Protein chains: 2
Amino acid sequence: MLRLAWSVLTTTQPTTGEGTEPDLAALASLLADRTRASFCTALLDGRAWTAGELARHAGVAPSTASEHLTALVGAGLLAEVRQGRHRYVRLASRETAELIEAMSAAAPKAAPPRGLTAVHRSNALARGRTCYDHLAGALGVAVAEAVTERGWIDWEDGPSLTAGGRTGLAGLGVELPARTRRPLVRSCLDWTERRPHVAGAVGAALCSRALEAGWLVRPGGGRAVRVTAEGRAVLAGALGVPDGVLESAGA
Amino acid sequence: MLRLAWSVLTTTQPTTGEGTEPDLAALASLLADRTRASFCTALLDGRAWTAGELARHAGVAPSTASEHLTALVGAGLLAEVRQGRHRYVRLASRETAELIEAMSAAAPKAAPPRGLTAVHRSNALARGRTCYDHLAGALGVAVAEAVTERGWIDWEDGPSLTAGGRTGLAGLGVELPARTRRPLVRSCLDWTERRPHVAGAVGAALCSRALEAGWLVRPGGGRAVRVTAEGRAVLAGALGVPDGVLESAGA
DNA sequence: AGCACGTTTCGGCGGCCGCCGAAACGTCCC
DNA sequence: GGGACGTTTCGGCGGCCGCCGAAACGTGCT
């Protein structure tokens with residue numbers, strides 16, 4: 001499937017033959033451009049954006065954005081839905097999101113943002129944000145450390161959910177999905193904190209529960225999240241998240 | 001550390017300020033070149049190569065290879081050791097290897113290799129190879145499925161080592177490392193088979209044990225591995241790996 | 001000391017690619 | 001139907017970057 005999509009881009013005909021090596025450079029080339037990379041980073045919020053929104057977000061002409069989107073969709077990194085005169089686009093899969101996430105963690109830090117609003121938005125992201133389907137930023141790291149402190153997650157030999165963690169999550173109304181091959185809890189290196197936060201099925205379930213229950217809200221409509229008064233009580237009480245983090249991630 | 005190394009490349013001065021977003025495009029640009037990508041792929045065997053070896057491997061002039069290596073080392077993706085007139089270079093860390101590995105799995109398949117020797121080498125890689133520190137290719141996937149069949153690894157809620165698996169591995173002389181934060185068993189999508197094989201601490205320990213015990217050898221000195229007669233007996237007997245795979249991965 | 005060899009630096013060439021504006025297309029709304 | 005709007009296609013421009021060869025440097029070997 002992915003291979004077929006790629007054939008649109010490559011000039012030579014890729015055959016179905018076994019043993020052909022992966023074209024690492026072709027994949028990297030797609031993300032090697034500032035504009036395309038910013039598209040993917042923006043789409044890490046898990047929502048579908050229109051072509052025009054992405055163009056404005058990246059500061060390029062609509063025509064330029066259109067060409068980039070065609071490339072990313074053709075490569076199978078993005079999935080698109082046409083609705084009327086709009087072209088909605090989102091990350092193709094959770095695997096794609098995890099790849100971009102992993103690359104972001106390994107990437108160098110860019111120059112700091114310019115402008116007051118940009119700085120403000122950047123700080124909001126550093127305090128608390130979603131990373132496709134789980135929590136990240138200072139808030140995400142604090143939650144990870146809190147549940148570790150409570151013995152919900154054991155980090156020896158890789159992160160794993162303890163029995164106590166299972167009941168603790170259930171007490172919060174967090175419903176874990178039916179058994180799949182997806183890891184229950186996965187470690188994900190946070191690119192602002194340089195410390196791990198909780199991803200995987202547990203991270204996703206906890207995050208969606210927090211948004212659904214109103215413990216967290218998205219003020220700007222983007223990736224940034226803010227802790228509500230109710231959320232503050234729950235996170236401090238049930239999880240033991242330090243007040244300092246909750247304060248700065250609230251308001 | 002990584003950030004410092006990056007400052008060599010970036011023209012603007014990256015500050016230490018919090019909240020700066022990762023420069024995804026900068027990282028991707030490093031791998032967006034055929035030559036640099038082939039360097040990284042070659043280095044996935046975990047060994048240290050000299051600059052000249054990599055140049056010949058990629059089919060470029062030594063001067064070109066030198067410049068690429070300076071960029072990759074400066075970015076922190078590669079680590080170098082100077083010995084006399086040689087410049088030895090290897091992947092900087094296991095995390096770097098895992099990133100390249102993950103990207104390779106998501107990358108499109110390149111055009112099939114040209115030439116008899118290239119095809120031969122490609123087929124050898126497809127049959128069995130190492131992926132930094134664990135087994136991959138048809139052999140790696142077969143081993144993963146065999147240990148699953150034996151109940152050594154449970155895939156529900158993510159891969160995990162069972163108690164039976166722990167004793168089974170001990171019986172083979174496979175010594176697991178002291179407890180670390182590294183996952184014991186990690187799933188890694190094989191880019192030839194499109195099915196998962198076993199990575200993580202267990203995958204690494206099993207692979208190193210197999211090489212140390214002479215069950216596997218590296219005929220070409222590269223990433224390809226071959227099953228010896230002794231290894232064939234062990235893998236078929238203790239793990240239940242099908243004969244068909246062992247036959248084609250042997251000889 | 002002298003030579004061989006691996007590596008590096010520097011110019012310069014060539015190609016690729018991201019950008020925009022203009023124009024056209026299709027959809028939605030009045 | 002007509003106008004507004006989101007999107008797309010196409011030329012053309014400009015810049016970046018990967019490549020090589022030549023020359024220089026440093027090391028090891030005889």
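In this text, all values refer to a predicted model and were calculated from it rather than measured experimentally. Values below: all heavy atoms of this structure, side chains included; hydrogens, waters and symmetry mates excluded. Throughout, protein chains are lettered first and strands after them, A, B, ... in sequence-line order, and every chain is numbered starting at 1.
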Problem set entry | Letter per nucleotide, 5' to 3', of nucleotides 18-30 of chain D [B base touched, S only sugar-phosphate touched, - untouched; heavy atoms, 4.0 Å] | SSBBB---BBS--

Exercise. So, for B/L78 and B/C40, which heavy atoms are closest and what is the spacing to 0.1 Å?
Worked result: CD1-SG, 4.4 Å

For this session: To the nearest Å, give me how far apart NE2 (A/H86) and C1' (C/dT27) are.
Result: 9 Å

Problem set entry | Euclidean distance, atom CD of residue A/E80 to atom C1' of D/dG6 [Å, nearest integer] | 14 Å

Seminar exercise, completed: Taking five pairs at each terminus, the helix from C/dA1-D/dT30 to C/dC30-D/dG1 shows an axis bend, to 10°, of 30°

Exercise. Can B/E53 and B/R87 be counted as an ion pair, charged N to O under 4.0 angstrom?
Worked result: no

Problem set entry | Residue pair A/S38, A/T41: steps toward the side chain to side chain donor-acceptor pair (under 3.5 Å) verdict | CA-CA 5 Å; A/S38 88; A/T41 304; over 6 Å; no

Problem set entry | Within 6.0 angstrom of A/R47 CZ, more than 12 heavy atoms from elsewhere | yes

Seminar exercise, completed: Those residues at least two apart in sequence (or on a different chain) that pass side-chain hydrogen bond (donor to acceptor under 3.5 Å, both in side chains) with B/W215 are none

Problem set entry | Test: A/R121 and B/E21 ion pair at under 4.0 Å | no

For this session: List in numerical order all residues of residues 50-57 of chain B for which some heavy atom is under 4.0 Å away from an atom belonging to DNA chain C.
Result: B/T50, B/A51, B/G52

Problem set entry | Within 6.0 angstrom of A/E175 CD, more than 12 heavy atoms from elsewhere | no

Exercise. Between B/L54 and B/T35, is any pair of side-chain heavy atoms under 4.5 Å apart?
Worked result: no

Side-chain donor-acceptor pairs of residues 128-135 of chain A under 3.5 Å, sequence neighbours excluded:
residue	atom	partner	partner atom	Å
A/R129	NH1	A/L125	O	3.1
A/R129	NH1	A/T192	OG1	3.3
A/R129	NH2	A/D190	OD1	3.3
A/T130	OG1	A/R218	NH1	3.0
A/D133	OD2	A/R182	NH2	3.0
A/H134	ND1	A/C131	O	3.2
A/H134	NE2	A/H197	NE2	3.3

Throw together a table of side-chain donor-acceptor distances under 3.5 angstrom for residues 61-69 of chain A, partners on residues two or more places apart or in other chains.
residue	atom	partner	partner atom	Å
A/H68	ND1	A/R36	NH1	3.2

